[in-house]
Each structure stands twice: as structure tokens, then as C-alpha cells.
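Only one structure is covered here, and it is reproduced in the block below.
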Amino acid sequence: MSSPRRHRLLSLTLIAGGVFTTALPAMALRPPADVDGQRIQRADQEPGNWMSHGRTYDEQRFSPLKRVNDGNVGQLGVAWTYKLDIDRGVEATPIVVDGVMYTTGAKSIVYALDARTGKPLWKFDPQVRVESLSTGCCDIVNRGVAVWKGRVYVGAFDGRLIALDARNGRKVWEVDTVIDHKKSYTITGAPRIMKGKVLIGNGGAEFGVRGYVTAYDADTGRQAWRFYTVPGDPKIPPENAAMEMALKTWSGNGWVKWGGGGTVWDSMAYDPELDLLYVGVGNGSPWNYDFRSEGKGDNLFLSSIVAVRPDTGEYVWHYQTTPGDRWDFTATQHMVLADIVIEGKPRKVIMQAPKNGFFYVLDRQTGKLLSADKFVPANWASHVDLSTGRPVMTGEADYNKGPKMVVPSFLGGHSWQPMSFNPQTGYIYLPAQETVAGLEAAKAPEFLPTKSVVNLGLNAPDLPEDPQITQQVRDAWKGRLIAWDPVKKAPAWTVDYKALGNGGTLSTAGNLVFQGTADGRAVAYAADTGRKLWEQRVNSGAMAGPVTYEVKGEQYVTFMVGWGGALPLIGGPLSLGAQVQPEARVVTFKLDGKAKLPAPAQQARDLPPLQTLAASAEQVQQARTLFNGLCASCHGINAISGGVVPDLRYLSPAKHQQFAGILYGARIPKGMPSFNGVLTMDQVELIRQYLVKRSHDLASELEASKGGKAAQAGAVGAVGAAGQR
């Protein structure tokens, strides 16, 4: 490259090592991804770019752009689309700098696209280690990249943090962030960068890991500091004063074996004025508080917002949303910084709606709780005592005293999908959901030291197989978009959805709120009233937070599309199932866009010949428990797939013959874990017999619906068999 002004690369010169390169747009005077902290802090001076995960360090996801507004948004049409490589869950927030979009898809593949046309510029495939593909709870997703001074940073699913040259996607450096490869550490979150340091956390709490967040030098990859979020072995001196303080809130040493949890798998925010980095911390491991900590103590810093110094990782303050978490009530949900007036006084606040169903407003300088109010039904606590900052427990969700229906469920009143804050309306636009789950404590601790099996300390989920009961439970789960007023502590308006898993939100100065939906639509609402102004199909579930940007005076709105993630995997029969096919692509709109979106993928499939059921009713019940305990987290409760991985009721005769080999490792390269050493051959056969039984059940259901065989083809086609592993 002879000069930054030329800003060109040779046209399509290299296809090797996971990278291809082509010409970068010649529109910009800067080198590609020439972003630093000062430029991010001054983002409103160049609103056409989206330079960091939440656009700005405060993570408000509000754009000052208003060429597209509530008066003309109905004219939006497709500008361009780009098909991603792998049709699994897509959760990335694209970064757009000087006409180039940097984004990710499943398996942490990075794409650089011309933001005006969608033309591919380069691609980087980190070649995630195949043995790691089954060691995450919630799909092989990635929430995007960070850019800094000509480099693009991505966290690979197998735990590596990688720096790429923004000009061509070639690797500059990589580091291994995993402290113990015997544990199931992953990365699904997007890095954040401030003051020359790249911040990344890990996933894996359900698999028994110890949580932490790490800062690396952006230039070299050298580790700058690491902040652990739960204490280590009490026999070993704590790493620092924060861990010494946290250790006093744990009891026994069960968490050492079970990991403790507390992973920092998603949200962070930064206040340059206060020079504070805010980190959201996840749930406990195991979920069962009695096994983890003898049912005693708050278990810091589980389910907490923690403020640290970005230079050193030094602890400053914390606020724990769910002391002694036992329900997977993470506080890793999106955090937003804003300056608002509360009771007549301007306050610098941090706001979060974590899984537990309460909306929190804190003073972001001190961590003092200002308000905490339910935004969805919640039965685990009646309210939060503002004088103590602690929830007042009801006992209704204490499953150690017997089976309990817990509201919200482990999927939460708000999941990872980011919310946005519009300073013009003063509202937070929150993708909320109503969920319920039955939980029952296991009678005794049972820890399986297997990287692909979750250890929760609970009995396997028990959802009746009766389709009518399943439908009743599904109907009790609802999605909702809430315009939450943090001053009045109440919704200003709401939009209800029949399904969960709807996308993150974007708000703009054009009085608009954009959101994707689980059933495959892109929608725009009036930010002040909630009136729907525009919608268009995008073929698959759009879960990620959309972004808007400008190139050569034209405003664009981009949705990352691709159904997957925790809900269809874990929820299985309670999710949309195969009503929405996994189809991963970038879909970008502009006013009067004339491009065409391909027709949605359809995968009709007949039910294969039924196998002979050779197990007794008692054996089938035993096998059902095995399946729901070991297999349902991917293939769905009661063997009903959510449409992302194969529905095992449709196993072919050949797959039945290969079944033992598959469970013993034959399909590890495709993400199927090995249960060799976990399941005996007799247990493997029991699980296969359960699948035979469920195939017979499905055949009976199809026969009974709408006239038998005539309906079977259509019903089977609707169920599909998406995404072969």
C-alpha cells in the first residue's frame, strides 16, 4: 500500500489459510479500522460509523442518524445481502468503519464486507478445534469483533483471542485465554478495547469452570492483568484483596470441584470520565447452591456488576443482583451507561435488566442502588429492599425444599440480546420474555468430569410428552419488547410476541426502534409510541442487535440473521422449532432498496421407516431420564429438536446401525461429543430405544393430525431436519 489515500489492495490475490482478499473501498482517507479511544469517545462527530460494540463506550446503541425516520421508514428495501458460511446461530453486532463492515458468523469466522454493496473483501476462519465444538452450552455462536489501530480482534470459540490485519485478514498474533484445558472454557462474546487493552471473558459456567476476565496488550497480545470473578481453592492464598473479600462469602469447598462459575461471557461497558470498566458476571456452578456452597453465603462475585480500573484490573465496587444465585440468573446481560434526572437530580447511572426479572439503576460511580423493579413476572423474590440493596426472597422458587416452578426460568426475563437507550425519549428498549421452568434438586452431588456434559446439581428436566401439555407450556412463554422508562420505573409501551428469542434493539434520532424477531422479520417501531411502521421478512430468526451507518450520504440498516443459540437447543419443543429454518446471512436495507432477498430455505423430509421398539416401559422411562440429562441440551427435551441440530426422531436406518459409534466419538469433527467412558453400551442402546419410541410417537401424532398420510408430508416437512452435525 503506497499511501493511506490510495487505500487499495490487489484484487482477489490470495485464497489460503482461511483468508481471501480483494479490493477495499477507495472512499476513505484513513487506513482500514483506524480506530482509537479518542475516536470512539467522539463517535457522535462521525455518526456514519459504528466503531465499537455498542457504537459508543456507554453501550447505548443509539444512532444520531435520521435520514431514515418515522416519516419514510416504510420505504426501506433490501440494499444487499451476504450469505454466511454456516447456518447456525448468528449473534454478532457488526462494526462499520469508513465504509467497511467487520462481522462474524458461527464458528467465529470473521468477514470484512464493503458496507455499501456487501461485496466480500476478506474472510478469516480461525479453524476452531473440532473437539471444542461440543463444549459450549448455547451453540457455536460469536457476538462480533472489536477494531483498534488497523487491527480486527476476535475471540475464537475454542478460547483463543486473535488479532488480524484489517487490510487483509491475516493473523498478527493469537493468545490462548484458557487457564485449564481440562475444563470447558469457550469464547462467544465480543472483545472490548480501551486504553490499548483488549478485554475478553469466557463461557463455560455450566461445565464447571472458574470465571475471569483478562486484559491483553492490543499491540502484542501480552497479558496485562486478569480479574477472577470467584475465588479459587481456599487452601491456596487468594490472588488479591478482592478475592480475599469474595472468599468470605463462600462455604465449604464444593465449588472447587464444581468450578464455581461466574463467567464473564458477554457484557462490558466503559466510562472514560470516571475511568471505570464495568463487567457483568454470570451464574454459579453448579446451579444447586447446596452443593456449591453448602447453601451459605452470597458467593461473590456471581451474578454481579463489578467495576474495575481498566489499567490494572483493580477492584473498585460491585453490586450483586442475585446473592447466592441458584437459578442461572446471570448478570451478564447488556449494561447501558447514561446521564438521567432522578428525583430532580442529574445522576450518572448504569442500567441493567439481568435474567432475574428486575430492572436495575445504579449510580455508576459508587455502585449505590437507585431502583430495582420487575419488568416481567418473577416469583423468586417479592421486591428489592432499597435500603439494603438485597432481594426479598419468597421461598416459592427454593427447589431444595421440593420441586418448584421458577419464574423467570433459566432462560431469563432478558437474555443476551442487547437493549438500547434513546436519550431523546428517555426510554430503554428492552427485548424481554416471560418464561417458567420446573426445577428439582438432585438428592446427592453427582459430578461428571466430562467436558461436554453440564453439571447443574439438578434432576433432569421433566416435560410431559403429551403434545397438548407441551403446547400449553409453550403458550405460557412469551416474547415482549418493552419501552422501559427508568425514571418512572415502568413501561411506556410494550409490544407482545408469541415467541421467545427476539432480537436486540437499535434506536435512532429518526424516532425509530429497530428489532429482529424470532419468526424471521425485521421490524421498525416509533420510538415514542411503539406504533409499528415497517416490517420485512429476513428468512430466519434475527437475534442480534441491528446497526445503522452511512456511506456516501446513504443511510443503511443491517440485521445479522440466523436462528440458533440457547433457546432452540435447550428449549427444543418449547421454541419455534423448525417453523424458522437456520439460514445465516447479513441483510442490509436502505431507502428505496431494490435488491432481492432469496426465498427462505425449506427442508421437507419424510419420516424414515420405523424401527422395532424392543424396550419395556420401565426401560423407556430410564432412557428418557438419560436422554434429557445428557442429550437434551442440544437435541431438545424429549428428543424434539428446536430446528438447529438434527431431530433424532428422524434417524435413518443407517444412523440407527451407527448409533453406538456416533455416541462413542465418530462424529466429533461435526460437533457431536463422545460419551465413551460416560455411557455403557447398554445405556447407549437404551437411549436409542427411547428415540425409536419417540419416532413411533411422532408417527402417531402425524397420523392423527388432519387426515393421516395426506397431512404427514406437510407436517413432516414443517418439522424438517435442519443442520446436520
Side-chain angles (χ1 to χ4, degrees), residues 134 438 440 442 446 448 450 452-454 456 458-470 473 568-575 577-578 605-667 671-704 715-716 719-722 724-725:
S134 63
E440 182 179 10
E446 183 181 2
L448 291 176
T450 303
S452 297
V453 176
V454 297
L456 307 181
L458 305 178
N459 287 336
D462 187 15
L463 177 70
E465 294 175 352
D466 185 333
Q468 293 184 345
I469 296 178
T470 301
V473 178
L569 291 180
I570 300 170
L574 302 178
S575 73
R605 188 182 184 189
D606 291 331
L607 190 62
L610 296 178
Q611 304 294 297
T612 300
L613 178 61
S616 67
E618 182 180 357
Q619 288 174 319
V620 167
Q621 182 60 38
Q622 179 185 352
R624 179 172 179 265
T625 300
L626 278 173
F627 182 91
N628 284 338
L630 298 176
C631 312
S633 58
C634 286
H635 291 280
I637 298 172
N638 298 343
I640 302 176
S641 171
V644 176
V645 298
D647 190 313
L648 299 183
R649 297 173 299 173
Y650 287 82
L651 285 180
S652 66
K655 289 294 191 298
H656 275 283
Q657 290 182 354
Q658 301 163 8
F659 192 75
I662 291 172
L663 262 65
Y664 277 2
R667 295 177 74 85
M672 172 69 194
S674 171
F675 290 92
N676 190 12
V678 178
L679 293 171
T680 66
M681 285 295 293
D682 287 344
Q683 289 173 322
V684 168
E685 176 58 19
L686 272 181
I687 291 175
R688 192 187 74 83
Q689 285 293 317
Y690 177 65
L691 297 177
V692 171
K693 188 261 186 186
R694 295 299 288 144
S695 297
H696 282 264
D697 291 344
L698 177 58
S700 297
E701 292 168 22
L702 295 174
E703 185 68 25
V716 173
V719 173
Q724 292 295 318
R725 270 188 164 176

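The figures here come from the full heavy-atom set of this structure, side chains too, leaving out hydrogens, waters and symmetry mates.
Across all their heavy atoms, Gln683 and Val678 have their closest contact at OE1-O, 3.8 Å. Val684 and Ala660 make their closest contact through CG1-CA, 3.8 Å (heavy atoms, listed as atom of the first residue, atom of the second, distance). Taking both residues in full, the closest heavy atoms of Pro673 and Ser134 are given as CB-OG, 3.3 Å, listed atom of the first, atom of the second, then distance. In this structure, Pro646 and His635 approach most closely via the heavy-atom pair O-ND1, 3.0 Å. Between Leu607 and Ala699, the shortest heavy-atom contact is CD2-CB, 3.7 Å.
In this structure, the separation between CG on Leu626 and OH on Tyr690 is 11.0 Å, given to the nearest 0.5 Å. Atom SG of residue Cys631 and atom CZ of residue Phe675 lie 5.0 Å apart, to the nearest 0.5 angstrom. For the atom pair CG (Leu679) and CD1 (Ile687), the distance works out to 4.5 Å, reported to the nearest 0.5 Å. One distance of note links CG of Leu686 with CD of Gln619; it measures 5.5 Å at 0.5 Å rounding. Taking CD1 of Ile662 as the reference point, atom CD of Gln657 lies at 11.0 Å (rounded to 0.5 Å). Between the CG atom in Leu702 and the CG atom in Asp606 there is a gap of 10.0 Å [rounded to 0.5 Å].
For the pair Gln611/Ser695, no side-chain contact is recorded, criterion being any heavy-atom separation below 4.5 Å from C-beta on. Counting heavy atoms from C-beta on, the side chains of Phe627 and Leu691 come closer than 4.5 Å. Counting heavy atoms from C-beta outward, Leu663 and Met672 have side chains that approach closer than 4.5 Å. Annotation: side chain of Arg624 is in contact with side chain of Asn638 (closest heavy-atom distance under 4.5 Å). With contacts defined as side-chain heavy-atom distances shorter than 4.5 Å, the pair His656/Pro653 does not qualify.
Of the candidates Ile640, Leu648, Leu651, Asp647, Ile640 is the only one forming a side chain to side chain contact (heavy atoms under 4.5 Å, CB included) with Arg694.
Of the possible polar contacts, none joining the His696 side chain to the Thr612 backbone as a donor-acceptor pair under 3.5 Å is found. A donor-acceptor pair under 3.5 Å is formed between the side chain of Ser674 and the backbone N or O of Tyr664.
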Set out, in order, the CA-CA distance, both residues' side-chain angles and the distance that settles side chain to side chain contact (heavy atoms under 4.5 Å, CB included) for Lys655 and Gln658, then state yes or no.
CA-CA 5 Å; Lys655 289 294 191 298; Gln658 301 163 8; 3.7 Å; yes
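A donor-acceptor contact under 3.5 angstrom links the side chains of Gln689 and Glu685, judged on distance only.
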